[in-house]
Structure formats: structure tokens, C-alpha cells
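Residue numbering restarts at 1 for every chain, and letters A, B, ... go by the order of the sequence lines.
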Amino acid sequence: MRWTDYYLYTTREVPKDAEVISHQLMIRAGMVKKLAAGIYTYTPFGWRSLTKLSAIVRRELDKVGAMELNMPAIQPAELWQESGRWQKYGKELLRLRDRHDREFCFGPTHEEVITDMVRRDVRSYKQLPINLYQIQVKFRDEVRPRFGLMRGREFLMKDAYSFHASDESLDTTYHLMHDAYCRIFEACQLDYTVVDADSGTIGGASSNEFMVLARTGEDALVRCAESGYAANVEKAEAGELPKPEPGPQGEGDGPQEVSTPGVTSVDEVATFLGVESRQVVKTLIYTSEREELVAVAIRGDREINEVKLANYLDVMHLTLANEEEVQRATGAPVGFAGPVGLSSDLRLIADHSVRDLVRFVCGANRADAHLIGVEWGRDTEPSEWVDLLLVGAGDPCPLSGAPLEQSRGIEVGHIFKLGDKYSEAMGCQFLDEKGRGNPMIMGCYGLGVGRTVAAAIEQGHDDDGIIWPRPLAPFEVLLMSLNPAKEEVRQMADQIYGELQERDIEVLYDDRKERPGVKFKDADLIGIPVRVVIGQKGLAEGKAEISLRRDREKLSVATGDVMTKVMELLAE
RNA sequence: CGGGGCGUAGCUCAGCCUGGUAGAGCGCACGGUUCGGGUCCGUGAGGCCGGAGGUUCAAAUCCUCUCGCCCCGACCA
């Protein structure tokens, strides 16, 4: 492709609304244009990357027996009512009405549609398993789209769904898909890791996320170098935490109330009483869409993992109670809640981190008062013990006990074992060998195509621009004529351009009448892996210059050897 | 949805506080110059100052309301 014929316009200045590097570079390199918040046009140049990734995805999924299909983006409300998600999904679901006032939504995901199709076609265990996928535009009306393609509202996603007669069959496909995903991200030369994940609104039993490691990632994850354990912090568990020393003994046998006027936060309490924050039990009051208050106890130096809590309570939206609710639940203002003497109809859920505390400190459920020397069993007992710990760096690995390392990642893929959540709700059944009807067991497998390309840029760039991993690069070779006004330069560049094309090498030929500086800057910005420069000086000695964007080391090659050298570099 | 910020030329922004004929740089067009890391000089096109209402002799500027966008917290590929 000749640049002078191509639709590629770079910009020198970074647009003010682009925050993260991948977004800035994609806009500067002319790959995407914003149409509205979280909604982008891919230019021919940008689309090439997405197309390349899609091809890799198709190749690897086809290999494991998945079949590509295409489903409608617009979906009738009835299906979503059937699965129960019309109510549950919330505002992220973009709802529409047609001219007859019938309700539809723009699909954020396709469990309902695919389940509807399969339940009509598939009757027998002999037809299972089935694995279907599509690469399609999704729309999720995110409250806050951001970071360009990292979190768009409209985005390109590969979604796959598998149907099985047994859990074992699902396991087999799940592993095949897991491995296919690994091969996809490896093919893209991405530094990624697979973590245990929370399954969120899609639901289901177990799930794994594929995280591309990047400082700008929106997710935090922990890993153990020793055991290989890796999990999203939303899901992560820790081994047994070191036990704190017993707290101070109060006067008498039971807990002792001490006056703590105006002392509310854990740190203040600990300092005021001369104890460690780990010897304090922090009690928080939560509410949810069910409008039922619960008290949650955790060690004073730790945070509650609200995702774990929401899952445990089976609620969607969890919020800390307001002052009035806290007063109602504990009889005290915010800052003095504790597990002792709470009303019996208030659920008290305690994290394991407080289980081993001896003579701990906690709020007295009275204004300006705390208790010291409190013991579980003797003084109070939670209604349930649950793992609610937000795991962080340094916590012991649940498998090896070695300290966990924390890093950030971009979630580029997410695979779930759905079980029968949708097939049960929507009556997607098969007949087994004995002629009995059973709901199919399902798996579901997502991969963010645009996000993966953005993640590749987050990992591959320098101060001057993008450094594409070759499999995702819009072109493999950038051919540049430094002074096309000079006849011999133009002719040689044209000739090499022709030869590259003949060998089906994807070449972008910068034949623009621009000054060398402009061309070099653009070359660095758009980041094509192999660069071939034809300039007058080199040509006088019969030489062209070849370099890789990666290291920019220049190689002087006789013009006759350019093809060989390029092929060699591409073969690496 | 809560908090903060921004809408002026295609892009990045100045002008607004203190109302008085709309500006710069980049980009674009044309001429010249230059020609291995965003040359230099000149000429030119391009804007109902996000929209609506109000105050005023006069509004980009002050007030009200709206719409859009961005950033920070609760959701997800």
C-alpha cells in the first residue's frame, strides 16, 4: 500500500481527552477516531490490527473444534426476561423499543440467544458437546467508559459458548479453550498471566481471567512464584495470617468498657489504647438492594473484599450503611460498632482473620466507648464465619505459604464454567442414554479483541511511539523513500516495493513528499516492525538501510540483498 | 450515580477575572526555499466562541438552564 493512496493521518499532538498511553498512541497513529464517549471508529490502519488478532483467534479456536457463527446484536426482551437478567443486568444493558413498542436490547453478551438456538436444535446427548463462537460488536452502557479501547461501551469481542452433557465434558472443553487462549496470547507475544477470577454478573461456578500485565491495568492480581497460584484480588484467598499478640486484659473476667471520646477510626483507637491495629476488630455495617443491614467483622488492619461479600450475600450492589442506618443497627454513631451485644436479628458475619484474636479490642455499640479484652465464645459469637479478606502483597499464598506478589493487569480474556444457570432457566435440555431430560452444562469464553490490541500497545511502546508485536502489526514492513523527488531514489524504492508485494509481504510504502524528519517520526509512531529506507546517500553506494523498530539498529544492505534480508528478519 | 474539570478554526490552546470589530501554534491550499530525524520565508482559506434563554447601548466574556466531553470513586471483555 502506498501511503499517498492510503487513509492514514497521524498527529503530532496528543488529544487532551486521551489519558493512557495506548489510547494516546492509537489516536496519534490514526488508528481510531472517537465518535462519542466509549464509541470509536477504527480506521483502515487500525482495523488491520484487529483483523490480524481476529485471524489468530479464529485459527486457534477452529483448532479446538469451536465453530464460528454470527448472532444478532439486537435481542428481544423476552429472552432476557426468561433468564432473569432483564431485571438483574441493570443500566449497563442498553434497552430499545421498536416501532411497535416492543422491547429489545443491544446485546452485551449472548448467553440468552445462543441458549435459545441450541435448545431448539439439540435434543440428544449424541449431539453434544458443541462449541460455538462469534466475533462481534457488543454494547455495554458502562457508567464510565474510559481509557480509549480499554473500556469502551461499544467494543469488539470474541464470545464462545459450549454445551455439554456432563461436567467432565465441560472440563475437557474448558481446558481446551484455556490452552487455546494461551496460544492466542502467546502468538500475540504478550506478557500475560492466568488468574482465578470472580465470575460476576455472568454467573457460574468457576472462572479464569487472562491478564496482560501492565501498570495501567484496571485489575489488581496476586501471584505466588513458588506455587504458581495466581488470582484476581477480587477472588484471591490467603493462607493463614500470622497471629497477633493477645490484647490487654481488662479489669475483671469479662470485657471492659473504656471511654474513647471522639475516637472512631481503627488507627485512632489503636493509638489511643496503645494496641496494634491488628488487635482490633473492625465492624462495618453494609446494606444492599435488599435493604437488609448486615454487620461484618474483620481485623482492624485489613480491608473487606466487597466482591466476596456480595457473592456470599448473593446481592448485586453493596454499599456501606449511612449514619442513620448505623445508628439503627448498632445503637451508636458511626465509629463505635462492635460484635458484642448486637441485636439478635442483625446478621454478624466475621472474617476468618479475627477468629484467632485473643482479648481483642472493638467498638462497644455505644457512643464514645470501646471494649477491651473481648473473647469469642465467651462474650459473643458471629452468626457465620466467612472468608472476606481483601488479599494484598505479602500475604501468605494459600498453597505454599510464601508471600504473594501483587501486580496490575488488563483483563483481555475471561472463561467461565457456567453450569446449568442458563440452560435451567431457559429450559435448554437434552435426553440422556436413558431417555431422561437434563439441562445442558454450559461454558462461556470471552476475549476482548480491541482491548487486547490496546494491551499490546500498553506493553509495546517507547517515547516515540508504538512497537508492534509482529503478529498484530498493521503492516510487516515500512518502506520509505527519503527523497522521492530524486528519480533514482524513487525508482529503486518503487522496485523494492514491487518485489515486496510480489512475495505477499504486507508493506506500507511511505512515498510521500515529506521531509525525512517527518517520515522518521511517523515511522517510529506507527511502529511497523521492519523498516527499509532508501536514501540518496546510501543509494550512491548501492545500499539501502534496514532496521527493526524494536531496537532501531541500522543495517546497511546492498539494494540487491534487501529482499533476502527482509525475509530473514520476518522469519525470526 | 456521587465528586472535580473542560467546551473558542480540523488539532492543541490563549482571550473570559476587568463586557466594546475573534487570536496564536500545528495542520490544510498556493509560491519559494530546504532535502537522513517534525526546514525556513511569504500568501491564503477556515470560527453564528457547544446550545437556549436572560442582563446590557453592547456578551466568547456576566447570570440561569440545558447538552456534550474528560478525570477520580461503585461495574466488566
Euclidean distance for C1', B:G27 against B:C67 (whole angstrom): 29 Å
Could you please name the option among B:A77, B:U12, B:G38 that lies closest to any side-chain atom of A:R28? B:G38
Integer angstrom distance from the C1' of B:G53 to that of B:G15: 24 Å
Residue matched to B:A58 through Watson-Crick or wobble contacts both under 3.5 angstrom: none
Would A:F520 count as stacked on B:G38 if the rule is ring centres under 5.5 Å and plane angle under 30°? no
Rounded to the nearest Å, what distance is computed from the CD atom of residue A:E13 to the P atom of nucleotide B:C28? 13 Å
Charged N-O contact under 4.0 Å between A:E487 and A:R490: yes
In whole angstrom, what separates A:Y161's OH from B:A77's C1'? 10 Å
Would you mind telling me which of A:D462, A:I466, A:I526 makes a side chain to side chain contact (heavy atoms under 4.5 Å, CB included) with A:R549? A:D462
Starting at the 5' end of RNA chain B and moving along, which residue's nearest nucleotide shows up first, A:K519 or A:K486? A:K486
Give a yes/no on whether any side-chain N or O of A:K34 is located under 4.0 angstrom from OP1 or OP2 of B:C70. yes
Specify the residue among A:K91 and A:G450 whose closest nucleotide of RNA chain B lies further upstream toward the 5′ end. A:K91
For A:G148, report the nucleic acid contact type (base, sugar-phosphate, nothing); a contact means any heavy atom under 4.0 Å. nothing
Has the side chain of A:H461 got a donor or acceptor atom that lies under 3.5 Å from a matching backbone atom of A:I457? yes
Charged N-O contact under 4.0 Å between A:E111 and A:R85: yes
Mind checking who B:G23 pairs with, Watson-Crick or G-U wobble, both distances under 3.5 Å? B:C13
Measure from the side-chain heavy atoms of A:N483 and tell me the nearest of B:C70, B:G36, B:C35. B:C35
Which nucleotide, B:G36, B:G37, B:C72, lies nearest any side-chain atom of A:R552? B:G37
Please give, in whole Å, the distance from B:C6 P to A:E19 CD? 16 Å
With C1' as the reference atom in both, quote the distance from B:U55 to B:U61 in angstrom, rounded to an integer. 13 Å
Base, sugar-phosphate, or nothing: which does A:D159 touch, judged by heavy atoms less than 4.0 Å apart? nothing
Backbone N or O of A:T10 within a donor-acceptor pair of the A:R28 side chain at under 3.5 Å? no
Base, sugar-phosphate alone, or nothing: which one does A:P108 contact when heavy atoms must sit under 4.0 Å apart? nothing
Nearest of B:C70, B:G27, B:A77 to any side-chain atom of A:R12? B:G27
Is A:R451 near enough to B:A77 that one of its side-chain N or O atoms lies under 4.0 angstrom from OP1 or OP2? no
With the side chain of A:F147 defined as its heavy atoms from C-beta on, choose the nearest nucleotide among B:C76, B:C71, B:U34. B:C71
Quick one: A:E142 CD to B:A74 C1', roughly how many Å, whole number? 12 Å
State which of B:A77, B:U39, B:G73 makes the closest approach to the side chain of A:R144. B:G73
Answer with base, sugar-phosphate or nothing: what part of the nucleic acid does A:R153 contact at a heavy-atom distance below 4.0 Å? nothing
What is the distance from CG of A:L320 to P of B:G2, rounded to the nearest Å? 18 Å
State whether A:E218 and A:R146 are salt-bridged, where the test is any N-O pair (Lys NZ or Arg NE/NH1/NH2 against Asp/Glu carboxylate O) under 4.0 Å. yes
Nearest whole Å is fine: how far is B:A77 C1' from A:D198 CG? 15 Å
Between B:G20 and B:A9, how many Å separate the two C1' atoms, rounded to a whole number? 23 Å
B:C69 - base-pair partner by Watson-Crick or wobble geometry, distances under 3.5 Å: B:G5
Given B:C69, B:G36, B:U39, the nucleotide with the shortest approach to the side chain of A:A37: B:C69
OP1 or OP2 of B:G73 versus the side-chain N and O atoms of A:R146: is any pair under 4.0 Å? yes
Could you check how far CG of A:N232 sits from C1' of B:A77, rounded to whole Å? 13 Å
Spacing of the C1' atoms in B:C69 and B:G32 (rounded, Å): 42 Å
Counting any heavy atom closer than 4.0 Å, what does A:R531 reach on the DNA or RNA strands: base, sugar-phosphate only, or nothing? base
Residue A:P516, side-chain heavy atoms: nucleotide from B:C35, B:C72, B:C26 that is nearest: B:C35
Please work out which of the three classes, parallel, tilted or perpendicular, describes the rings of A:W47 and A:Y42, given edges at 30° and 60°. tilted
N-O pairing of A:D522 and A:R512 below 4.0 Å: yes
Given the C1' atoms of B:G3 and B:A77, what is the spacing between them in whole Å? 28 Å
Base, sugar-phosphate or nothing for A:V14? Non-hydrogen atoms, less than 4.0 Å. sugar-phosphate
When all nucleic acid strands are considered with a 4.0 Å heavy-atom cut-off, which category describes A:G535: base, sugar-phosphate, or nothing? base
Looking at every strand, decide which applies to A:V518 at a 4.0 Å heavy-atom threshold: base, sugar-phosphate, or nothing. base
When the C1' atoms of B:A60 and B:G7 are compared, how many Å lie between them, rounded to an integer? 12 Å
Send over the distance from A:R151 CZ to B:C71 P, rounded to a whole Å. 12 Å
With a 4.0 Å cut-off on heavy atoms, is A:K16 in touch with a base, just the backbone sugar-phosphate, or nothing at all? sugar-phosphate
Rounded P spacing from B:G51 to B:U39 in Å: 36 Å
Test of ring centre spacing under 6.0 Å for A:F185 and A:F210: yes
Considering every strand shown, what is the Watson-Crick or G-U wobble mate of B:C75 when both distances are under 3.5 Å? none
